[in-house]
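Excluded from the calculations below are hydrogen atoms, water molecules and symmetry mates; all remaining heavy atoms, backbone and side chain alike, are included. Quick caveat, the model's predicted, so the values are computed rather than measured.
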Amino acid sequence: CNFDIFKNFYDIQKNNIGLILYNQSGFYFTNESRDDPRLLKFTDSSNVINLTQIRDVTDYLEYFDKEKVRVLGSWIEPGINPLNFRYESIYSGKMKIEPNKISTFIHIDTQMRKGVESQGFTYISTLEFYLNDKNNYLYDYNRNAFNFVDNDHLSSFGEEKFSKILIENLNS
């Protein structure tokens, strides 16, 4: 995403824009390397959060009308590529997100909420996507479908599932 291009678009179209939904991958808010997410080994979530990156986001968003902006928190990114699993292993219980990674994303969510709301923006957490249905977060056993297409991007099934929760949040 090119942030300057969106600013130019906004300047031209701001009267036609009713809502700006901002979301950024959670790994960008850590001090860990993004080069290979499989190598991330979170041991203490309080030490990996990059507060400067959170301030950079709120500084960028100051350009826009705060009433139009909603900041969507980062997903708990599984770091598990579904293409690496055979059918048999889906039901083996091995498809779990590391507990340290979960606590790190919860910490990111907490810090993002503080930073975003302290600047007057509306924040929508995505933690409930995970917390409401932990057993079906990576793989939806009811629909027999992966919710992620790779380490951190939603599949079309995941988009459909999680968009319903998002729409409820936007309407409330």
Using 0.5 Å steps for rounding, measure from the [atom1] atom of [X] to the [atom2] atom of [Y].
{"X": "T104", "Y": "F29", "atom1": "OG1", "atom2": "CZ", "answer": "14.0 Å"}
{"X": "K164", "Y": "E159", "atom1": "NZ", "atom2": "CD", "answer": "13.0 Å"}
{"X": "K14", "Y": "K68", "atom1": "NZ", "atom2": "NZ", "answer": "8.0 Å"}
{"X": "L72", "Y": "T122", "atom1": "CG", "atom2": "OG1", "answer": "12.0 Å"}
{"X": "I12", "Y": "F9", "atom1": "CD1", "atom2": "CZ", "answer": "8.0 Å"}
{"X": "L154", "Y": "F129", "atom1": "CG", "atom2": "CZ", "answer": "8.5 Å"}

Give me the atom names and distance for the closest heavy-atom approach of [X] to [Y].
{"X": "N142", "Y": "D140", "answer": "N-OD1, 3.0 Å"}
{"X": "Y123", "Y": "G73", "answer": "OH-CA, 3.2 Å"}
{"X": "H107", "Y": "I49", "answer": "CD2-CG1, 3.0 Å"}
{"X": "R70", "Y": "I124", "answer": "CB-CD1, 4.2 Å"}
{"X": "S125", "Y": "R113", "answer": "CB-NH2, 3.4 Å"}

### Task
For Y60, enumerate each residue passing the ring pair (Phe, Tyr, Trp, His ring centres under 6.0 Å) test, keeping only those at least two apart in sequence or located in another chain.
F3, F64
### Message
Take a 6.0 Å sphere around OH of Y22 and say whether it holds more than 12 heavy atoms from other residues, nucleotides or ligands.
### Response
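Buried by this count: over 12 neighbours within 6.0 Å.
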### Query
Within a radius of less than 6.0 Å around CD of E67, do more than 12 heavy atoms belonging to other residues, nucleotides or ligands occur?
no
Distance-only, no hydrogens or angles: does the [X] side chain make a donor-acceptor pair with backbone N or O of [Y] under 3.5 Å?
{"X": "T126", "Y": "S74", "result": "yes"}
{"X": "T58", "Y": "V116", "result": "no"}
{"X": "K161", "Y": "N147", "result": "no"}
{"X": "T30", "Y": "G26", "result": "no"}
{"X": "S25", "Y": "Y28", "result": "no"}
{"X": "D152", "Y": "E77", "result": "no"}
{"X": "Y137", "Y": "I76", "result": "yes"}
{"X": "N136", "Y": "Y141", "result": "yes"}

Any heavy-atom pair between the side chains of [Y] and [X] that's under 4.5 Å?
{"X": "P78", "Y": "F148", "value": "yes"}
{"X": "F146", "Y": "L138", "value": "no"}
{"X": "R143", "Y": "E160", "value": "yes"}
{"X": "F6", "Y": "Y63", "value": "no"}
{"X": "L21", "Y": "L166", "value": "yes"}

### Joint hydrophobic cluster, W75 plus F157, side-chain heavy atoms closer than 4.5 Å
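The answer is no; the residues belong to distinct hydrophobic clusters.
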### Query
Under a 4.5 Å side-chain heavy-atom rule over Ile, Leu, Val, Met, Phe, Trp and Tyr, are L61 and L19 clustered together?
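Yes, L61 connects to L19 through the hydrophobic network.
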### Task
List the steps and the verdict of side-chain contact (heavy atoms from CB on, under 4.5 Å) for Q119 and R55.
CA-CA 10 Å; Q119 297 301 313; R55 280 190 298 276; over 6 Å; no
### Query
Going through the distances and angles, do Y10 and D65 end up as a side chain to side chain donor-acceptor pair (under 3.5 Å)?
CA-CA 10 Å; Y10 178 79; D65 179 1; 5.1 Å; no
